[in-house]
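Worksheet for the structure shown next.
In this chain, numbering begins with 1 at the start of the sequence shown. Note that the coordinates shown come from a computational prediction; the quantities given were computed from them, not determined experimentally.
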Amino acid sequence: MSILETLVVVWCLSVVYFDLYKRRIPNAIILVACVAAIVHVLFTGHTILGGSWQSMLMGAGIGIMLTLPTYALRILGSGDVKLMFALALMSSWYFTLLAFVIATMLAILFILTHLLLAQFRCDNKKPKRWIPYGAAFSAGLACAIGMTA
């Protein structure tokens, strides 16, 4: 694993932390990733994870097409949409799509676990409607990097 891939994984872990524990992904973290990705493409001609700039643009389009409808339906938050865009800028269409698929599987696993644990709760509190999709997207990208390394 290269230094750049390691930095992306560390960035993903910070996003996971903020999404799980703060329930909000700071715009600064996403902005830093976007600026770093664009600067890297301008100076090297390829993305941080090795994709071409055309593949990056296609990944950004795919990411927006996959997340905007769910944002409109209030399934995802705006931070999740911006995060998917940043992931696409750092990678390629392949990583973007793979991260989305892995994130969907992780979110389903989270939901099923949450529902199972809710059955054993003693109190009658209604659980909040919140699924950490940003954490799932970041974990999906980290898994995609690990699978292709």
Side-chain angles (χ1 to χ4, degrees), residues 1-117 127-149:
M1 186 179 291
S2 73
I3 293 173
L4 290 176
E5 288 174 336
T6 304
L7 287 173
V8 171
V9 170
V10 168
W11 178 81
C12 287
L13 292 174
S14 71
V15 170
V16 168
Y17 167 77
F18 279 107
D19 200 25
L20 288 178
Y21 295 107
K22 305 290 184 179
R23 294 190 175 197
R24 182 173 173 87
I25 303 169
N27 286 335
I29 290 179
I30 295 172
L31 183 63
V32 165
C34 289
V35 169
I38 291 169
V39 167
H40 189 273
V41 167
L42 290 175
F43 281 108
T44 64
H46 57 84
T47 65
I48 293 174
L49 297 178
S52 67
W53 66 268
Q54 296 96 339
S55 181
M56 174 192 75
L57 291 178
M58 195 162 54
I62 289 170
I64 294 296
M65 286 188 329
L66 290 172
T67 55
L68 269 184
T70 53
Y71 173 71
L73 295 172
R74 298 181 159 264
I75 296 170
L76 295 180
S78 62
D80 300 326
V81 176
K82 292 180 277 189
L83 175 65
M84 185 55 89
F85 184 73
L87 294 178
L89 291 180
M90 289 189 291
S91 59
S92 63
W93 72 268
Y94 176 75
F95 277 107
T96 303
L97 201 53
L98 188 58
F100 185 83
V101 169
I102 293 170
T104 302
M105 290 188 285
L106 290 172
I108 289 170
L109 183 64
F110 178 82
I111 291 167
L112 291 176
T113 303
H114 182 72
L115 290 173
L116 179 67
L117 293 177
K128 292 182 179 178
R129 187 177 158 216
W130 174 76
I131 301 166
Y133 285 108
F137 288 148
S138 296
L141 180 63
C143 289
I145 290 171
M147 290 170 53
T148 58

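- Note: Asp80 CG to Ile75 CD1 = 11.0 Å, rounded to the nearest 0.5 Å.
- In this structure, the separation between OG on Ser78 and CZ on Arg24 is 7.0 Å, given to the nearest 0.5 Å.
- The closest side-chain heavy-atom distance from Met147 to Ile102 is below 4.5 Å.
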Verify side chain to side chain contact (heavy atoms under 4.5 Å, CB included) between Ser55 and Tyr94, making sure each step is shown before the conclusion. CA-CA 8 Å; Ser55 181; Tyr94 176 75; 5.9 Å; no
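- Among all heavy-atom pairs drawn from Gly134 and Val15, the shortest one is O-CG1, 4.0 Å.
- Of the possible polar contacts, none joining the Trp11 side chain to the Ser138 backbone as a donor-acceptor pair under 3.5 Å is found.
- The shortest distance between side-chain heavy atoms of Phe137 and Thr67 falls below 4.5 Å.
- In this structure, the side chains of Phe100 and Thr104 come closer than 4.5 Å at one or more pairs of heavy atoms.
- Scanning all heavy atoms of the two residues, the minimum distance from Tyr71 to Leu76 falls at CD1-O, 3.3 Å.
- In this structure, Thr70 has no side-chain hydrogen bond (donor to acceptor under 3.5 Å, both in side chains) partners at least two apart in sequence or on a different chain.
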So Lys82 and Ile25, side chain to side chain contact (heavy atoms under 4.5 Å, CB included) or not? Walk me through it. CA-CA 9 Å; Lys82 292 180 277 189; Ile25 303 169; over 6 Å; no
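- Taking the side chain as every heavy atom from C-beta outward, Phe18 and Pro26 approach each other to under 4.5 Å.
- Taking each heavy atom of Ile30 and Gly79 in turn, the nearest pair found is CD1-O, 3.7 Å.
- The minimum heavy-atom distance linking His40 with His46 is given by the pair ND1-O, 3.0 Å.
- With values rounded to the nearest 0.5 angstrom, Leu49 atom CG is found 7.5 Å from Ser2 atom OG.
- Atom CG of Leu116 sits in a crowded spot, with more than 12 heavy atoms from other residues, nucleotides or ligands closer than 6.0 Å.
- Taken from CG in Leu141 to OG1 in Thr96, the straight-line distance is 8.0 Å, to the nearest 0.5 Å.
- Summarising the geometry of Ala103 relative to Ala136, their closest heavy-atom pair is CB-O, 3.3 Å, with the distance given to 0.1 Å.
- Contact check for Thr148 versus Phe95: side-chain heavy atoms found under the 4.5 Å cut-off.
- In this structure, CD1 on Ile38 lies 12.5 Å from OG1 on Thr47, to the nearest 0.5 angstrom.
- Between Val41 and Met56, some side-chain heavy-atom pair lies under the 4.5 Å cut-off.
- Leu66 CG to Met84 CE: the interatomic distance, rounded to the nearest 0.5 Å, is 6.5 Å.
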